[in-house]
Colleague: 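Shown below is the structure under consideration.
Residue numbers count from 1 along this sequence.
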Amino acid sequence: KYTDIPAAPMGDYVRSAIDNGIMIGTSATKFSPNMEVSRWQFALLIARADLRVKNAAITNADEADAELIKLYSGTPTFDDTKDLDKLYNAAIEYCNKNGIIDGKGDNKFAPKAVVTRLEAARMISDWTGITDDTKTENTNNIKDWNLVNWGKQYVNAVYDAGFIQGYPNGNFGPKDNLKRGQSAVIIMKAFEYMTDK
């Protein structure tokens, strides 16, 4: 029903994310693949995907969201999430308690901050458990490796696993903001990996 789903291969992952109840549109007719993704939004995607992996009875986003709210105690861990919708807090709490997404220090989560590709690499690595802390060299010949100022092991992990690939020009774009279309690709590749584990 969405009129702006991109062409394959990204579009295939977008459709899969929708069909698997991990992502929904931004309106009745729009998916908005180029819209940037905030930290709370990415937490919700991972939480939905993780619940789908762990509970075969959950088949869509509504069921995953209901389960998240049921698991949520109603008491936010972070000082800056108290004004968020209950579902968003539930997703943040779920990811934090499961060691998938940390705060930003000073008991802050920065829920509305946009996720960078480097941050997404760490979150997906932590969710899937693929990180090898010893792999910090530029083994994939990433051209903008000098911009990976932390988390080199996470970039290598997602690159090696095929969850996040570089751009055609050989860059990884660690500081680039993550878009919804990109997040669909990443989350579904990781979801497939977790489902097959």
Colleague: Kindly compute the distance separating CD (E36) from CG (D176), expressed to the nearest 0.5 Å.
Modeller: 10.0 Å
Colleague: Do T116 and N177 have side chains that approach each other closer than 4.5 Å (heavy atoms only, starting at C-beta)?
Modeller: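 They are in side-chain contact.
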Colleague: If you compare all heavy atoms of K54 against all heavy atoms of N98, which two are closest, and at what distance to 0.1 Å?
Modeller: NZ-OD1, 3.8 Å
Colleague: Any chance you could measure S73, atom OG, to K97, atom NZ, to the nearest 0.5 Å?
Modeller: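 With rounding to 0.5 Å, OG (S73) is 5.5 Å from NZ (K97).
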Colleague: Would you mind reporting whether D102 and R122 have side-chain heavy atoms less than 4.5 Å apart?
Modeller: yes
Colleague: Got K104 and R39 here, is their nearest side-chain heavy-atom distance under 4.5 Å?
Modeller: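 Yes, their side chains come closer than 4.5 Å.
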Colleague: Taking the side chain as C-beta and beyond, is there a heavy-atom pair between N96 and I101 under 4.5 Å?
Modeller: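 No; the side chains remain at least 4.5 Å from each other.
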Colleague: Shortest non-hydrogen contact from L118 to N149?
Modeller: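 Reported closest heavy-atom pair: CD2-OD1, 4.2 Å.
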Colleague: Between CZ of F42 and CZ of R180, what distance do you get to the nearest 0.5 Å?
Modeller: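 Spacing of CZ (F42) from CZ (R180) equals 12.0 Å.
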Colleague: Are W150 and I100 connected, step by step, through hydrophobic side chains (Ile, Leu, Val, Met, Phe, Trp, Tyr) whose heavy atoms are closer than 4.5 Å?
Modeller: yes
Colleague: Run through D12, D19, N20 and flag the one making a side chain to side chain donor-acceptor pair (under 3.5 Å) with S16.
Modeller: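 Exactly one pass, corresponding to N20.
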Colleague: Checking side-chain polar atoms at under 3.5 Å, does T195 have a donor or acceptor matched by the opposite partner on E192?
Modeller: no
Colleague: Does the side chain of N156 come under 3.5 Å of the side chain of N140 through a donor N or O and an acceptor N or O?
Modeller: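 Their side chains do contain a donor-acceptor pair, which is all the 3.5 Å distance test asks for.
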Colleague: Would you compute the distance between atom CD of Q41 and atom OG of S183 and round it to the nearest 0.5 angstrom?
Modeller: 8.5 Å
Colleague: Are the ring centres of F172 and Y167 closer than 6.0 Å?
Modeller: no
Colleague: If you round to the nearest 0.5 Å, how far is CG of D62 from CZ of R48?
Modeller: 8.0 Å
Colleague: Same cluster or not: are M35 and I186 linked, directly or through other Ile, Leu, Val, Met, Phe, Trp or Tyr residues, by side-chain heavy atoms under 4.5 angstrom apart?
Modeller: no
Colleague: Can you find a pair of side-chain heavy atoms, one from L71 and one from L51, that are under 4.5 Å apart?
Modeller: yes
Colleague: Check this for me, if you would: do K70 and E67 make a salt bridge, where the nitrogen-to-carboxylate-oxygen distance has to be below 4.0 angstrom?
Modeller: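 Salt bridge present between K70 and E67.
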Colleague: Do you know which of F78, W40, Y88 makes ring-ring contact (aromatic ring centres under 6.0 Å, His included) with F109?
Modeller: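 Exactly one pass, corresponding to F78.
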Colleague: Establish, for the pair R15 and F31, whether the NZ or CZ atom is under 6.0 angstrom from the six-membered ring centre and no further than 45 degrees off its axis.
Modeller: no
Colleague: Indicate the atoms forming the closest heavy-atom contact of L84 with K112, along with that distance.
Modeller: CD2-CE, 4.3 Å
Colleague: Would W145 and I164 show up in the same hydrophobic cluster when neighbours are defined by side-chain heavy atoms closer than 4.5 Å?
Modeller: yes
Colleague: What closest approach, in Å, do D126 and G99 show between heavy atoms, and which atom pair accounts for it?
Modeller: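 Result for this residue pair: CB-O, 3.8 Å.
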Colleague: Where do E93 and T77 land on the side chain to side chain donor-acceptor pair (under 3.5 Å) test, with the steps shown first?
Modeller: CA-CA 7 Å; E93 294 295 317; T77 296; 2.7 Å; yes
Colleague: Would you confirm whether T131, through its side chain, and D133, through its main-chain N or O, come within 3.5 Å as a donor-acceptor pair?
Modeller: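 The answer is no, because no donor-acceptor pair under 3.5 Å joins these two groups.
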Colleague: Quick check: does any side chain N or O of K135 sit under 3.5 Å from a backbone N or O of A157, one acting as donor and the other as acceptor?
Modeller: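 Side chain of K135 to backbone of A157: no pair is present.
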Colleague: Carefully, step by step, assess I18 and I5 under the rule side-chain contact (heavy atoms from CB on, under 4.5 Å).
Modeller: CA-CA 11 Å; I18 295 166; I5 291 179; 4.3 Å; yes
Colleague: Donor-acceptor pair, K197 side chain versus Y193 backbone, under 3.5 Å?
Modeller: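 The answer is no, because no donor-acceptor pair under 3.5 Å joins these two groups.
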Colleague: Is it the case that over 12 heavy atoms from other parts of the model lie below 6.0 angstrom from the CG atom of D196?
Modeller: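 More than 12 heavy atoms, drawn from other residues, nucleotides or ligands, come within 6.0 Å of this atom.
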Colleague: Would you say Y72's side chain and L87's backbone share a donor-acceptor pair under 3.5 angstrom?
Modeller: no
Colleague: Donor-acceptor pair, N89 side chain versus P76 backbone, under 3.5 Å?
Modeller: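 Here the side-chain-to-backbone pair does not exist.
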Colleague: Establish, from distance only, whether the side-chain atoms of K30 and T3 form a donor-acceptor pair under 3.5 Å.
Modeller: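 Looking only at side-chain atoms, T3 and K30 do form a donor-acceptor pair, the distance falling under 3.5 Å.
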Colleague: Verify the cluster assignment for V115 and Y159: are they in a single hydrophobic cluster under the rule of side-chain heavy atoms below 4.5 Å apart?
Modeller: yes
Colleague: Would you check if M188 and I22 make a side-chain contact, meaning some heavy-atom pair closer than 4.5 Å?
Modeller: yes
Colleague: What heavy-atom pair brings G173 and D144 nearest, and what distance separates the two atoms?
Modeller: N-OD2, 2.8 Å
Colleague: Is F163 close to V185 at the side-chain level, that is, under 4.5 Å between some pair of heavy atoms?
Modeller: no
Colleague: Tell me, with the steps shown, if F191 and D50 meet side-chain contact (heavy atoms from CB on, under 4.5 Å).
Modeller: CA-CA 8 Å; F191 177 71; D50 194 57; over 6 Å; no
Colleague: Do I69 and K86 touch side chain to side chain, with heavy atoms closer than 4.5 Å?
Modeller: yes
Colleague: For K108, is there any backbone N or O sitting under 3.5 Å from a side-chain donor or acceptor partner on D79?
Modeller: no
Colleague: Say whether I46 and V114 are linked into one hydrophobic cluster, either directly or through other cluster members, by side-chain heavy-atom distances under 4.5 angstrom.
Modeller: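 No, separate clusters.
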Colleague: Rounded to the nearest 0.5 Å, what separates atom NZ in K152 from atom OG1 in T139?
Modeller: 12.5 Å
Colleague: If we ignore hydrogens and angles and just use 3.5 Å, is the side chain of D4 paired with the main-chain N or O of S32 as donor and acceptor?
Modeller: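 The answer is yes, because a donor-acceptor pair under 3.5 Å joins these two groups.
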Colleague: Shortest non-hydrogen contact from A64 to I58?
Modeller: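 Minimum heavy-atom contact is N-CG2, 3.6 Å.
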Colleague: Could you walk me through whether D132 and Y154 satisfy the side-chain contact (heavy atoms from CB on, under 4.5 Å) test, starting with their C-alpha distance in whole Å, then the side-chain angles of each, then the deciding distance to 0.1 Å, before giving a yes or no?
Modeller: CA-CA 8 Å; D132 183 344; Y154 303 119; over 6 Å; no
